[in-house]
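Worksheet: the structure to be examined is printed underneath.
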Amino acid sequence: MKPARPPRSLKGRALQWLAQREHSRAEMQRKLLPHARALVAQAQAGAPAQAVEAPEPGEVMAKVVEVLDWLEAHQYLSQQRFAESRIHARAARHGNLRIQQELAQHGVVLDAEAAQALKASEFDRAREVWARKFAAPAADAAGRARQARFLVSRGFSAETVRRVLRQAGAGPDED
């Protein structure tokens with residue numbers, strides 16, 4: 001039987017996750033907290049002449065914040081890179097509202113330049129999403145409503161949806 005390996009450090013875990021894909025600071029903190037609690041509990045259990053207690057929340061959080069600060073200082077963790085990778089992964093299928101909402105869940109706000117670039121390309125992206133899903137313009141109001149709901153559910157703005165459906169109904173030469 002193989003000898004048991006010692007548990008990986010918080011830094012080691014974080015670097016392994018970051019090697020797979022970009023993470024936001026909030027996401028990395030959420031992933032590291034359970035491991036930090038376990039490491040602190042193990043350290044307390046191994047300490048002589050002390051009662052085994054639950055780890056102090058401040059002590060656990062301090063360890064996680066220390067690792068996160070180190071990762072940012074050494075540029076392994078970057079909010080800007082996370083935002084860029086998330087935009088790149090989502091832009092072909094989703095609208096600005098959905099992308100910004102997802103970034104907000106991770107505690108990341110788009111800078112003005114990235115937000116402007118997304119806004120400038122939203123109509124073209126919405127038109128491509130519409131064309132992949134629907135072969136032809138809707139024949140009636142119920143069909144147009146279904147197409148509009150689809151695009152809105154993907155996070156495209158109401159104005160962009162109106163423009164896409166108007167252009168689809170008008171034909172490729174017009175608008």
Side-chain angles (χ1 to χ4, degrees), residues 8-36 60-138 144-175:
R8 280 183 310 214
S9 68
L10 293 179
K11 238 183 245 183
R13 288 180 191 276
L15 289 172
Q16 181 183 15
W17 291 326
L18 288 168
Q20 294 169 357
R21 70 171 176 86
E22 292 291 337
H23 288 69
S24 68
R25 184 178 175 101
E27 183 180 18
M28 189 62 68
Q29 178 178 325
R30 179 186 52 77
K31 286 176 127 179
L32 285 174
L33 274 173
H35 300 289
V60 171
M61 187 55 102
K63 287 190 175 296
V64 170
V65 168
E66 178 184 333
V67 170
L68 293 174
D69 290 343
W70 183 87
L71 290 169
E72 283 183 338
H74 289 85
Q75 297 178 351
Y76 292 113
L77 184 64
S78 167
Q79 298 290 72
Q80 184 175 352
R81 274 198 325 263
F82 173 76
E84 288 171 1
S85 72
R86 193 55 54 135
I87 288 169
H88 179 72
R90 302 289 189 254
R93 296 184 323 247
H94 299 291
N96 297 353
L97 300 174
R98 175 97 172 253
I99 292 169
Q100 289 175 348
Q101 184 259 343
E102 186 176 337
L103 290 174
Q105 286 179 340
H106 289 277
V108 177
V109 178
L110 280 178
D111 61 350
E113 183 179 320
Q116 184 60 32
L118 262 182
K119 187 175 181 175
S121 68
E122 185 176 40
F123 175 72
D124 294 330
R125 292 183 289 119
R127 189 174 44 203
E128 289 172 13
V129 168
W130 178 87
R132 279 195 305 264
K133 177 73 172 174
F134 304 104
R144 282 190 297 280
R146 186 171 60 86
Q147 291 179 1
R149 279 192 308 273
F150 170 76
L151 289 172
V152 167
S153 74
R154 290 291 182 105
F156 293 104
S157 69
E159 177 57 33
T160 301
V161 170
R162 277 192 295 274
R163 285 181 57 208
V164 167
L165 294 179
R166 192 177 326 124
Q167 183 187 32
D173 313 0
E174 302 173 29
D175 193 39

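Worth saying up front: this structure is predicted, and the values here are computed from it rather than measured.
Atom CZ of Arg86 is separated from atom CD of Gln105 by 9.5 Å, given to the nearest 0.5 angstrom.
Looking only at distances, no side-chain donor or acceptor of Arg127 sits under 3.5 Å from a matching main-chain atom of Arg163. Using a distance-only test at 3.5 Å, with no hydrogens or angles considered, no donor-acceptor pair links the side chain of Arg21 to the main chain of Ser85. Looking at Arg132, its side chain never comes within 3.5 Å of a backbone N or O of Arg93 through a donor-acceptor pair. A distance-only check finds no donor-acceptor pair linking the side chain of Arg98 to the backbone of Phe156 [under 3.5 Å]. A donor-acceptor pair under 3.5 Å links the side-chain atoms of Gln79 to the main chain of Arg25, judged by distance alone.
Within a 6.0 Å sphere centred on CD of Glu66, heavy atoms belonging to other residues, nucleotides or ligands number 12 at most. The 12-atom threshold is exceeded at CD of Gln20, counting heavy atoms of other residues, nucleotides or ligands nearer than 6.0 Å. With a 6.0 Å radius and a threshold of 12 heavy atoms from other residues, nucleotides or ligands, Glu72 has its CD atom above the threshold.
Shown here for Leu32 and Leu10, the closest heavy-atom pair between the two residues is CD2-O, 3.6 Å. Between Ala14 and Leu71 the shortest heavy-atom distance is CB-CD1, 3.5 Å. Minimum heavy-atom separation, Ser157 to Leu97: CA-CD1, 4.1 Å. The minimum heavy-atom distance between Ala115 and Gln100, with the atom names listed, is CB-NE2, 4.3 Å.
Evaluation of the salt bridge (charged side-chain N to carboxylate O under 4.0 Å, His left out) test over residues 149-159, restricted to residues two or more places apart or in two chains, returns Glu159-Arg162.
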Can you list the steps and then say if Val164 with Val129 is a side chain to side chain contact (heavy atoms under 4.5 Å, CB included)? CA-CA 10 Å; Val164 167; Val129 168; over 6 Å; no

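The ring of Tyr76 has its center closer than 6.0 angstrom to the ring center of Trp70.
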